There are 2 protein chains.
Amino acid sequence: MGLPVSENDFYSLHGMWGAYASLVLGRIGNGAGVVIGNVQPPQRGLFIGYKRRSEAPRLLPFIPGTKVGLDASAYVDPDAPAKPLGLQAEFTCFTAQEIRRTITYSGEEWKAGQLSFKVHSFFGSVPDPASADPISLRSSIRPALYVTLCFDNSDQSEPLTGVFGMQGIRRPLSDSTRCSLLGFAHGTEWGFAVLPDESIDEVMDWNAIDAAFNGNRPLRRLASEGVLRFKVNPGEKKEYRIAIGVYRDGVVTSGLRTQTYYSSLFRDLEDVLENALQEASGMLDKALKLDKGLEESDLSEDRKFLLSHAVHSYCANTELLISEKGDPVFIVNEGEYQMMNTLDLTVDQAFFELVYTPWTVKNELDLFRIRSSYTDAYGIAFSHDQGVADSFTPLGTSVYELPRLSECFSYMSFEETLNWVLTASLYVSRTGDTKWFAENEVTLEACLISMKERDRNRDGILDTDSDRCAGGAEITTYDSLDVSLGQARNNLYLAVKTWAAYVCLGALFTRFAPEKRSFIEAAQESAQWAATSVQSRMLEEGYIPAVFESDNRSQIIPAIEGLAYPFICGWPELVADTGPYGSFIRSLQQHLNTVLVPGACLDARSGGWKLSSTSYNTWLSKIFLNQYVAEKILGFSDSRVQRDKIHAKWLRTGSAQWAATDQVHSSDGHDMGSRLYPRLVTAILWYLYR
Amino acid sequence: MGLPVSENDFYSLHGMWGAYASLVLGRIGNGAGVVIGNVQPPQRGLFIGYKRRSEAPRLLPFIPGTKVGLDASAYVDPDAPAKPLGLQAEFTCFTAQEIRRTITYSGEEWKAGQLSFKVHSFFGSVPDPASADPISLRSSIRPALYVTLCFDNSDQSEPLTGVFGMQGIRRPLSDSTRCSLLGFAHGTEWGFAVLPDESIDEVMDWNAIDAAFNGNRPLRRLASEGVLRFKVNPGEKKEYRIAIGVYRDGVVTSGLRTQTYYSSLFRDLEDVLENALQEASGMLDKALKLDKGLEESDLSEDRKFLLSHAVHSYCANTELLISEKGDPVFIVNEGEYQMMNTLDLTVDQAFFELVYTPWTVKNELDLFRIRSSYTDAYGIAFSHDQGVADSFTPLGTSVYELPRLSECFSYMSFEETLNWVLTASLYVSRTGDTKWFAENEVTLEACLISMKERDRNRDGILDTDSDRCAGGAEITTYDSLDVSLGQARNNLYLAVKTWAAYVCLGALFTRFAPEKRSFIEAAQESAQWAATSVQSRMLEEGYIPAVFESDNRSQIIPAIEGLAYPFICGWPELVADTGPYGSFIRSLQQHLNTVLVPGACLDARSGGWKLSSTSYNTWLSKIFLNQYVAEKILGFSDSRVQRDKIHAKWLRTGSAQWAATDQVHSSDGHDMGSRLYPRLVTAILWYLYR
């Protein structure tokens, strides 16, 4: 189903899994292109369109109107009488009204006039490189995506000329491949290619659009624009498959020396593109199967969009590296912030990774244990992240956390410890990886001791701050929200998440190490204390205040967030209103029922979910997760939960520039932070955790 | 001697020899910084300055006023009540009037207030990596330069805080070196460092200047600004040595797979910086010796400036690569155009390279023979260049040349063949490398045959165009000038250069292969024809027209250019007015005497040299070369030749933005093309070819 015309003008970040690279496009009249080592939308022209004899060329609206690189005028005497160096291209771009845009699980499609343009960038599961054979890895860890172009000239009596091309290229691929590929590249780093065919040729020019539609000029190898030109005969409808690929060679990180994993599988960009095109049929079949699966699900169109959009941006942030010892090192970069493996994102992204790449969850847990754990005055804790912009931090430190603060940029020692425990519980319980559990049992035990140590008054809830804070106070992942979600101590959201971690530890050891009786009891004891403490805070008004201090009266949705973990680990009885924690669960049901009203946690203007009654800053990844808990665990199914149309609109209008934005304003969805973000894949819960 | 205040606002391109990287700085109020793989001035802040207790900080004016990367506001709720995230730094930049700027052979110096800031980037000779030992190569092919900072606090009673830093960095170097270096880096690619000392610390912050001068904040590793902070006690005058280095890993070129040569000698950026700092004393001694040599020469201050400025930009364009077989591959990139080894630049730069790196001339000649020679209808010829932007073209082709043209972008087959012959003659005659001569004798013979074949009417001058032109016409290196210098056929400039090539071939074989009698005679025969033809074109007015066609009446200086080659090869008798070509030489003397007048080849407004009477586009590299011929060979010594003050002013004012610009307007020196160019090192002739 196509998107409404009023909502088809937004960027998509078509990530190539594991390559920290993407094709960005979609804002009408704005630039597009390939980006590597970051996620910012390039402001270059992406040329896709066609010309039929009697008409002006029509192009998709991905042309920012600025030149990239030098123009021909830089080479000739600027004071000489002006001579046209190539006519100014005359073309018109399709308008939003003429375009039908559809987001799919594997990519997206644009239809306009006689043209259909599809991107396929997501291909589902990726096998563990530690155990998969190298041939299959070349298919699944190939830094490439596909574009298919279809030109329908079936009702015409004259030939049609189609184009696909980009600004910013510097060389034709026929040069380096002896014409086994046609296409263009920017250095050794990125490019696009097609297998040769007599109907296709390369056009490289100061003004490639003009050159493509006006005769046959020789390749101008000094120029920075290149297009593939397709001749479609009268009466024909033809489809072309183009691969877009990237390549970064050599050591790309500091702090820990690693190379791109794919550089151990591919020789260069040409190898990537050639291999991609050889395997196009199989890969496109895979993509279509993914699309069909989601299409045939009973998810609403808005949820299908939200999930697909999230997956594309998640993939754009993924980066698979290889250490000098040959071990895979998996990183999810944090959108515009570029932080590496932010642990409070890892726990939310684990739901997605456990479906498609469960081994990356293990890889992240191991890397956090090795690089990001430390010991403070209370025991083991974990750092917020592992570096920024491909620069790894020293062991046990993050780029984010600073001492002597009590808000954004303070330490998250306690929550990150919960996050490691919860991610480990999810991983072990869903994969049954007893080997990994055995290797990490000691660490999990240390985590329990550390968690309990931070509960000085034995009420199950954090009541002290890491000494790393040096007089400051710990915060939560909701770092830019107000105190209702931001402060760690005596915080409702964190208290329930703490309860979940204790519950999961107890259940995990009951299943995998039942002989550890005292450990299990210690975990269950704290879980009970936490549940009791939370329940005891219920106010007459029927909700639990966000912070158990300073007479706080904020109402927050993420009170229920923590319930997700025991449920997804496979212990639904622990979150059942009839189970061992039944009265606690019923309190949270009552809480949600109270706060989910306009003016509190439903935005009075838009009707969208507002995580906190006292902040307009609301986070989509967390909305999706809490919606899931509300529906699947707490049994809410009415219109207060079904706000997906509003949330989808936020991403397609208010935050259209930043695919996908996590932190948006609840009144209209405009971006407030966390742009180009990977975390929104919590939407996978709706689809594959039913 | 410092520059006049009105001429101290221009960019310098401080190249690191062989690294295709430089530190760019010098425009007042504009950005600065390190650039790799290109020569465009980065628009980032370069922070150099100090604060004394009671005064506002003073900084050198290298601050464009824009932020690089995200600001702290991206992380916090933008709708929350504003809190200062660090005070806006209050400082003042030194004005042009307060600054004393001096360009030196090895770098430059800025003095302002209590501060002296020096750059040392040029260190003279580089040994041939094919025969030098790796340890000495680490010193000479190290991609680094030095900054020395001196803070004079000797007359103060309070401590002084000095800073050196940059925008665009992402990590402190203490992290990856366990504090064996202090400094900052951008990824794995560039950085600056100092050896640790108790008076130095690292400051990394959203606003590093503010942080540096206001207390002790922890490093904000998410920020993109970093400075080194120096504490200078009352009564002290302290000097600090900082290394700036770059590193590109892996395969960096396409078409021919090569890596940076230095990556075979250094492990990473940290290794480069550490090694540079260890060897700082020796390297700075070397630089000071170079400076002293030029300073003590009898060159005018303007010539000292012109040569030094040229050398810095030349170094910025040099790139030493290593092939997969382990062979060095030397490239000079063509300024803003980024063409690789443009042969009509190579011949001009050979004068410089034969002094400092004679082996690079051999390397270029070999690479041209292997990659860039081809056979057209008349025999062997050479391509204009070998690629663009690190992308090598296929064998026998250039990025520049196109068929069916008769101006800019047409073929230069004939002139490039002359250029190869002349460069080979210079190389062999000045180095006495008989081994190379023996290996290339066959190619030189093929060149002679090809040259003579293009002289259909046996008048010594080109009168046909390569069939690669496909109906177009060959051009000369003066591609953006008018027909007076642009057309190859029947062109005075090219005719004299042709004469020079024949003369050099004859003399070269007479010395190194005297048994090749018929070859020598064939060369001398054509030289005589060319001399006679040129002389026969002398007009009553006392000059030879630029083109021997269409009643052309342009007057050009480069008629004399070709005389440089036999002279510099060591055969002054061949260009003596009393020698075997005496009457030809005297004709050219007369020609120059006629054209070197205001309104013809002296610009009527500025008085600077105008290469052609019919174009305002004049080229500084060629002015220097022709000045040398006029003075040393033709005996001109009056004020018509001594126009260096005008030419220096052009570079320091009209083309201040583009260090160094070759093509400038003769009225005021404003840039017309060939910006950020390497070719101006023809100025070496004044200094070391006396």
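Every chain is numbered from 1, with letters handed out A, B, ... down the list of sequences. What you are looking at is a predicted structure, and each value in this text was computed from that prediction instead of being measured.
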Are the side chain of [X] and the backbone of [Y] linked by a donor-acceptor contact shorter than 3.5 Å?
X      : Y      : result
A:T253 : A:L256 : yes
A:D249 : B:V251 : yes
A:R217 : A:V203 : no
B:Q40  : B:E336 : no

Go through B:G69, B:G255, B:S254, B:S176 and name the one with the most non-hydrogen pairs under 4.5 angstrom from chain A.
B:S254

Which one of [options] has the most heavy-atom pairs closer than 4.5 Å to chain B?
options                        : value
A:G187, A:P394, A:C408, A:S674 : A:P394
A:R257, A:R221, A:Q259         : A:R257
A:P403, A:A389, A:A74, A:A185  : A:A74

Distance-only polar pair, side chains of [X] and [Y], donor-acceptor under 3.5 Å:
X      : Y      : answer
B:D671 : B:T661 : no
B:T614 : B:S554 : yes
B:Q663 : B:S480 : yes
A:S383 : A:S398 : no

Residue [X] versus chain B: region with a heavy atom under 4.5 Å:
X      : value
A:L219 : backbone
A:T188 : side chain
A:L222 : both
A:R170 : both
A:D175 : both
A:R248 : neither
A:E189 : neither

Check whether [X] gets within reach of chain A through its side chain, its backbone, both or neither, counting any heavy atom under 4.5 Å.
X      : result
B:R178 : neither
B:R404 : side chain
B:V388 : side chain

Could you tell me if the side chain of B:Y20 sits less than 4.5 Å from the side chain of B:I36, heavy atoms only?
no

